[in-house]
Amino acid sequence: SHPNYVKKQIAIDTVSWTPIVAPMDCMGVGIKNSVSVDIRIRSDSADPATQDLIPSGNQEGITVPKQGYGSVQEDSRATRFRSGETVAFLQAVSGTGPALVTFVK
């Protein structure tokens, strides 16, 4: 696989909050819901106030420019998500299914 572009299928269910962990240092993450049920997404698994929904057939994109713009705080890191860092947490509304996650350096 290309070192700057990684796709992963992440198994999710209705019980646990599955962490999405960056497999490499990256600037962008895409989470595609290709199953027939909605997927919940949280930035903090313990805080329902951080929850949003990725409807069936839709995609969530998290991209950050290398240079600070507007309200993006520049912290001088070359990447926004380091290898091993948790980006978000996913949970299926019903049933099970994989989410397709794309990481871009």
Side-chain angles (χ1 to χ4, degrees):
S1 75
H2 195 282
N4 296 326
Y5 180 78
V6 174
K7 284 191 174 283
K8 289 187 169 253
Q9 287 194 14
I10 309 285
I12 59 171
D13 60 45
T14 60
V15 178
S16 57
W17 285 97
T18 302
I20 303 303
V21 178
M24 63 180 185
D25 293 349
C26 57
M27 296 300 291
V29 178
I31 304 167
K32 183 178 181 182
N33 181 356
S34 57
V35 295
S36 60
V37 298
D38 295 342
I39 295 175
R40 295 181 185 106
I41 182 171
R42 288 185 181 178
S43 58
D44 179 343
S45 64
D47 186 356
T50 69
Q51 183 170 305
D52 200 357
L53 196 68
I54 306 173
S56 176
N58 285 271
Q59 182 169 319
E60 172 93 6
I62 306 164
T63 57
V64 183
K66 286 190 176 188
Q67 299 298 320
Y69 294 101
S71 63
V72 176
Q73 183 176 357
E74 179 60 44
D75 65 2
S76 73
R77 293 196 313 179
T79 58
R80 294 294 178 234
F81 303 109
R82 296 227 171 117
S83 179
E85 287 184 333
T86 299
V87 176
F89 298 86
L90 301 179
Q91 184 183 67
V93 170
S94 65
T96 61
L100 180 60
V101 184
T102 305
F103 300 90
V104 181
K105 191 160 193 167

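Worth saying up front: this structure is predicted, and the values here are computed from it rather than measured.
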J.: Listed by chain and number, what are the side-chain contact (heavy atoms from CB on, under 4.5 Å) partners of K7, not counting sequence neighbours?
T.: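 K7: side-chain contact (heavy atoms from CB on, under 4.5 Å) contacts with Y5, L100, T102.
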
J.: For the residue pair V21 and F103, what are the closest heavy atoms and their distance?
T.: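 Of all heavy-atom pairs spanning V21 and F103, the closest is O-CZ, 3.6 Å.
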
J.: Give me the atom names and distance for the closest heavy-atom approach of V29 to C26.
T.: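 Here V29 and C26 meet closest at CG2-SG, 4.1 Å.
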
J.: Is any side-chain heavy atom of V35 closer than 4.5 Å to a side-chain heavy atom of P98?
T.: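 Touching, per the 4.5 Å side-chain cut-off.
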
J.: Which value, rounded to the nearest 0.5 Å, describes the distance between I20 atom CD1 and I12 atom CD1?
T.: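 If we round to the nearest 0.5 Å, I20:CD1 and I12:CD1 are 8.0 Å apart.
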
J.: Atom CZ of R80 and atom CE of M27: how far apart are they, to the nearest 0.5 Å?
T.: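 Going from the CZ atom of R80 to the CE atom of M27 covers 5.0 Å.
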
J.: For a quick test of reading the model, state the closest non-hydrogen atom pair linking E85 to R82 and the distance between them.
T.: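 Heavy-atom minimum between the residues: OE1-N, 2.7 Å.
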
J.: Under a single-linkage rule joining Ile, Leu, Val, Met, Phe, Trp and Tyr whose side-chain heavy atoms are separated by less than 4.5 Å, which residues share a cluster with W17?
T.: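 Cluster partners of W17: F89.
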
J.: Does the pair D25 and S83 meet the rule for a side chain to side chain contact (heavy atoms under 4.5 Å, CB included), with working shown?
T.: CA-CA 5 Å; D25 293 349; S83 179; 3.7 Å; yes

J.: Could you state the interatomic distance from CG (N58) to CD1 (I31), rounded to the nearest 0.5 Å?
T.: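 The distance works out to 12.5 Å.
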
J.: Among pairs that include at least one residue of residues 33-43, which meet side-chain hydrogen bond (donor to acceptor under 3.5 Å, both in side chains), considering only residues two or more places apart or in two chains?
T.: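 Qualifying pairs, neighbours excluded: R40-Q91, R42-Q51.
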
J.: Measuring from atom CD1 of I41 to atom CD1 of I54, what distance do you get when rounded to the nearest 0.5 angstrom?
T.: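 Rounded to the nearest 0.5 Å, the CD1-CD1 separation comes out at 4.0 Å.
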
J.: Name all residues meeting the side chain to side chain donor-acceptor pair (under 3.5 Å) criterion together with S16; count only those two or more places apart in sequence or in a different chain, and write none if there are none.
T.: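 Only D13 meet the side chain to side chain donor-acceptor pair (under 3.5 Å) criterion with S16.
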
J.: Say you draw a straight line from CZ of F81 to CE of M24; how long is it, rounded to the nearest 0.5 Å?
T.: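 Between F81 CZ and M24 CE, I get 11.5 Å after rounding to 0.5 Å.
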
J.: Rounded to the nearest 0.5 Å, what separates atom NZ in K32 from atom CD1 in I10?
T.: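 Rounded to the nearest 0.5 Å, the NZ-CD1 separation comes out at 15.0 Å.
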
J.: Ignoring hydrogens, what is the shortest heavy-atom contact between V6 and P23? Give both atom names and the distance.
T.: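 Taking every non-hydrogen atom into account, CG1-CG, 4.0 Å.
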
J.: Return the minimal non-hydrogen interatomic distance between A99 and I39, and the atom names on each side.
T.: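 Smallest interatomic distance, heavy atoms only, reads CB-CD1, 4.1 Å.
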
